[in-house]
Amino acid sequence: MKAFAELYTEIDESNRTNDKVAALARFFASASPADAMWAVYFLIGRKPKQLVGTRKLREWAAEEAGVTSWLFDESYDAVGDLSEAIALLLPPPTATSDRSLCEWVEEVLLPLKSQADHEQKARILEAWRSMDGTQRFVWNKLLSGAFRVGVSSLLVTRALAKVSGIEPAVVAHRLMGDWQPTPEFFTRLVAAEAEDADLSRPYPFSLAYALEDGPEPLGNPAHWQAEWKWDGIRSQVIHRRGEVFVWSRGEELVTDRYPELSALASMLPDGTVIDGEILPWKDGAPLPFAQLQRRIGRKTLGKKILAEVPVVLVGYDLIEHEGQDVRSRPLEWRREMLVEIVSAVNRPTLRLSPLVEGASWDALAEQRSHSREIQAEGLMLKRIGSPYKAGRQKGDWWKWKVNPFTIDAVLTAAQRGSGKRASLYTDYTFSLWDQGRLVPIAKAYSGLTDEEIGRVDRFVRKHMIDKFGPVRTVHPELVFELGFEGIQESSRHKSGVAVRFPRILRWRVDKKAADADTLDRLKALLPVKSKTRVGQDEFQLEFTAEESDASGNENGSPSE
């Protein structure tokens with residue numbers, strides 16, 4: 001545990017990627033397979049559910065520290081992070097422990113789930129009394145299910161590849177899917193030669209970077225394949241040895257949630273893996289993402305919801321063909337094979353991602369301008385001849401998204417962030433005017449510089465009106481321009497609408513609260529229902545003149 005806590009500190013205090021990879025590699029080289037595997041498990045973002053309630057941890061920590069509940073709450077409020085507050089308040093350790101990370105996790109942490117309160121308390125106090133401050137902090141993060149540190153799966157993969165001498169793509173593939181953090185799995189993970197016999201295992205998804213300044217620097221558009229960037233759930237559909245698996249990009253096995261795709265996958269040739277997008281699809285066109293959300297998270301799917309929100313797989317790429325990994329083959333070859341498979345299967349639940357034709361960037365820009373009319377977010381640009389790479393790597397794949405919707409909103413509430421921002425107010429609630437009052441419409445926490453965050457934090461502290469748990473309401477004075485990708489009607493929100501992926505674009509220091517936009521202005525951006533249909537290999541627009549004008553206005557910026 002000590003070595004893992006030291007690794008956490010070294011990573012957390014470094015801003016250099018190479019230093020983080022080096023620290024990870026040193027840890028993996030010296031750790032036992034059991035400790036190394038649990039470290040990998042936590043570092044790539046996997047974790048058990050919260051095993052002990054926050055209220056219990058606060059009560060037991062306050063009692064152990066000999067402080068009243070109000071003093072603990074004030075300390076927690078000052079620090080902003082529960083794990084850190086507990087680590088700082090607890091008295092010095094009265095014992096030491098040489099337990100490894102694996103022993104702490106398997107013998108103490110995981111058994112807490114089935115223990116009575118008095119047993120949980122005894123084991124947690126025992127842990128606190130035998131750990132120093134850094135170990136306590138990391139332990140508390142594991143206890144509360146809030147463990148995270150500044151490394152990505154890609155950096156962990158690079159470190160493991162450095163230690164083992166295996167290609168990073170191979171390590172990344174072995175880390176995909178449903179596995180248990182055991183010493184045996186770690187041994188297979190770093191073995192030079194190992195049979196990857198897990199039939200269900202997906203491949204690391206190939207991800208794209210966003211184009212910042214338009215596509216012209218990419219050169220000749222003839223060297224690029226353009227497709228729609230759909231707004232659904234990125235997934236891989238697998239058919240191996242008669243078994244079927246559907247994985248989401250978040251490495252969640254969702255086979256049972258999409259029975260339409262389970263039936264489809266069994267019709268694919270054996271040894272096939274298709275990368276695509278799960279989309280809600282009805283009457284020849286995609287439905288808004290909000291409709292798909294009606295199915296996400298449901299434990300049971302009745303006939304009604306299956307009929308109202310059927311789904312399809314829009315196939316992007318073929319990454320396994322006849323049981324062979326074909327990611328290194330050129331894009332156009334993979335596309336040709338995918339076309340053959342889609343044609344042979346000939347089922348409406350499997351659709352080929354249509355190519356978007358354009359002899360020039362201007363022509364493609366014109367096509368892109370219609371994205372929202374077909375529930376797309378823009379275009380994907382993929383270099384002809386490119387392989388299917390693991391993760392997000394610059395060069396071959398780019399996303400050319402449409403400009404976001406924008407609105408000027410008033411900051412009306414804030415709460416502290418997490419991690420390095422735990423002592424700063426960085427999570428904001430924004431509101432719009434509606435008949436003389438401000439109505440909350442979105443929460444956002446990204447888009448400001450560190451200097452701006454500091455200024456907003458000072459404003460919040462000086463202009464608080466009320467407290468609601470961790471939330472602080474403030475005087476409505478600051479105005480910010482928000483960007484978001486989509487908007488839908490919503491009966492769950494007081495405003496009547498829900499925006500998708502809100503973020504701060506800029507601080508409107510030139511505006512006063514009275515100059516912010518209205519709720520009616522936001523609702524004017526709601527999509528206009530059209531007759532758009534998306535064909536198997538092309539999309540057709542069938543607008544009346546009136547509908548075309550409405551759609552054109554929809555894509556404009558409200559600040560213009």
Smallest separation among heavy atoms of P440 and T429, with atom names:
CB-CG2, 4.1 Å

Reported CG-to-CG distance for the pair L155 and L160, which is rounded to 0.5 angstrom
11.0 Å

Can you tell me if E485 uses its side chain to pair, donor with acceptor, with the backbone of R500 under 3.5 Å?
no

Indicate yes or no: at least one non-hydrogen side-chain atom of Q415 is less than 4.5 angstrom from one of T426.
no

Salt-bridged, E320 to R240, with N to O below 4.0 Å?
yes

NZ/NE/NH1/NH2 to OD/OE distance under 4.0 Å, E59 and R55
yes

Give the ring-plane orientation class for W230 versus W228, where under 30° counts as parallel, over 60° as perpendicular and anything between as tilted.
tilted

Taking C-beta and beyond as the side chain, do Y41 and Q180 meet within less than 4.5 Å on heavy atoms?
no

Rounded to the nearest 0.5 Å, what's the gap from OG on S431 to CZ on R437? Could you check?
10.0 Å

Between S83 and V138, is any pair of side-chain heavy atoms under 4.5 Å apart?
no

Report yes or no: does S144 contribute a side-chain atom to a donor-acceptor pair with the main-chain N or O of N140 at less than 3.5 Å?
yes

Side-chain heavy atoms of I238 within contact of I274, under 4.5 Å:
no

Full working for salt bridge (charged side-chain N to carboxylate O under 4.0 Å, His left out) between E251 and R46:
CA-CA 10 Å; E251 292 188 48; R46 301 194 180 191; 2.5 Å; yes

Looking at H239 and L268, would you say the former's side chain and the latter's main chain have a donor-acceptor pair under 3.5 Å?
yes

Between CZ on residue R372 and CD1 on residue I487, distance to nearest 0.5 Å
10.5 Å

Measuring from atom OH of Y428 to atom OH of Y445, what distance do you get when rounded to the nearest 0.5 angstrom?
12.5 Å

List the steps, then state whether side chain to side chain contact (heavy atoms under 4.5 Å, CB included) holds for V237 with V273.
CA-CA 6 Å; V237 172; V273 179; over 6 Å; no

When rounded to the nearest 0.5 Å, the distance separating CG of L313 from CG of L279 is 8.5 Å

On a heavy-atom basis, the closest approach of D396 and P387 is OD2-CD, 3.9 Å

Exactly one of R234, K389, R327 should register a salt bridge (charged side-chain N to carboxylate O under 4.0 Å, His left out) with D275. Which one does?
R234

Over 60° means perpendicular and under 30° means parallel, so classify the ring planes of F185 and W179, tilted if in between.
parallel

Answer whether the closest heavy-atom distance between the side chains of F245 and L253 falls below 4.5 Å.
yes

Measure across V244 and A265 and return the closest heavy-atom pair with its distance rounded to 0.1 Å.
CG1-CB, 3.1 Å

Determine whether the aromatic ring centres of residues Y203 and Y388 are separated by less than 6.0 angstrom.
no

Does the side chain of V312 come within less than 4.5 Å of V314's, by heavy atoms?
yes

Between S262 (side chain) and T255 (backbone), is there a donor-acceptor pair under 3.5 Å?
yes

Closest heavy-atom pair and its distance - G417, D427
CA-OD1, 4.0 Å

Atom NZ of K56: over 12 foreign heavy atoms under 6.0 Å:
yes

Take R294 and I305 through the test side chain to side chain contact (heavy atoms under 4.5 Å, CB included) and record every step on the way to the result.
CA-CA 8 Å; R294 295 173 58 196; I305 190 67; 3.6 Å; yes

Is any side-chain heavy atom of L292 closer than 4.5 Å to a side-chain heavy atom of V311?
yes

K141 with D81: basic N within carboxylate O range, under 4.0 Å
yes

Do F405 and F484 have ring centroids that are under 6.0 Å from one another?
yes

Using a strict 4.0 Å threshold on nitrogen-to-oxygen distance, state whether K282 and E308 make a salt bridge.
no

Check this for me, if you would: do R241 and D270 make a salt bridge, where the nitrogen-to-carboxylate-oxygen distance has to be below 4.0 angstrom?
no

Checking D317, L318, L355 against R335 for side-chain contact (heavy atoms from CB on, under 4.5 Å), the one that qualifies is L355

Are any side-chain N or O atoms of R123 and backbone N or O atoms of K121, one a donor and one an acceptor, separated by less than 3.5 Å?
no

Here the gap from L125 atom CG to Q120 atom CD, rounded to the nearest 0.5 Å, amounts to 11.5 Å

Just so I know, are the side chains of F137 and Y8 near enough to count as touching, which here means a heavy-atom distance under 4.5 Å?
yes

Hey, would you say the F430 and F480 ring centroids sit under 6.0 Å apart?
yes

Here the pair of heavy atoms bringing L301 nearest to L306 is O-CD1, 4.0 Å

Dump the intermediate steps for side chain to side chain contact (heavy atoms under 4.5 Å, CB included) on L482 and T406, then the final yes or no.
CA-CA 5 Å; L482 304 184; T406 63; over 6 Å; no

Non-hydrogen atoms of P280 and V309 that approach each other most closely:
CB-CG1, 3.7 Å

So, T473 side chain and D466 main chain: donor-acceptor pair closer than 3.5 Å or not?
yes

Go through W139 and W104 one step at a time and tell me if the side chain to side chain contact (heavy atoms under 4.5 Å, CB included) criterion holds.
CA-CA 9 Å; W139 173 249; W104 275 114; 4.1 Å; yes

By the definition side-chain hydrogen bond (donor to acceptor under 3.5 Å, both in side chains), identify the one residue from E227, E277, K382 that meets it with Y316.
E277

Hey, does the side chain of H321 reach the backbone of T272 with a donor-acceptor pair shorter than 3.5 angstrom?
no

Report yes or no: does R334 contribute a side-chain atom to a donor-acceptor pair with the main-chain N or O of R329 at less than 3.5 Å?
yes

Test your reading of the model: is there a side-chain donor-acceptor pair from W247 to the backbone of S200, 3.5 Å cut-off?
yes

Side-chain donor or acceptor of K401 paired with backbone N/O of E377 under 3.5 Å:
no

Taking atom types as modelled and ignoring hydrogens, do the side chains of H370 and E373 form a donor-acceptor contact shorter than 3.5 angstrom?
yes

Is any NZ, NE, NH1 or NH2 atom of the basic residue among E260 and R295 found under 4.0 Å from an Asp or Glu carboxylate oxygen of the other?
yes

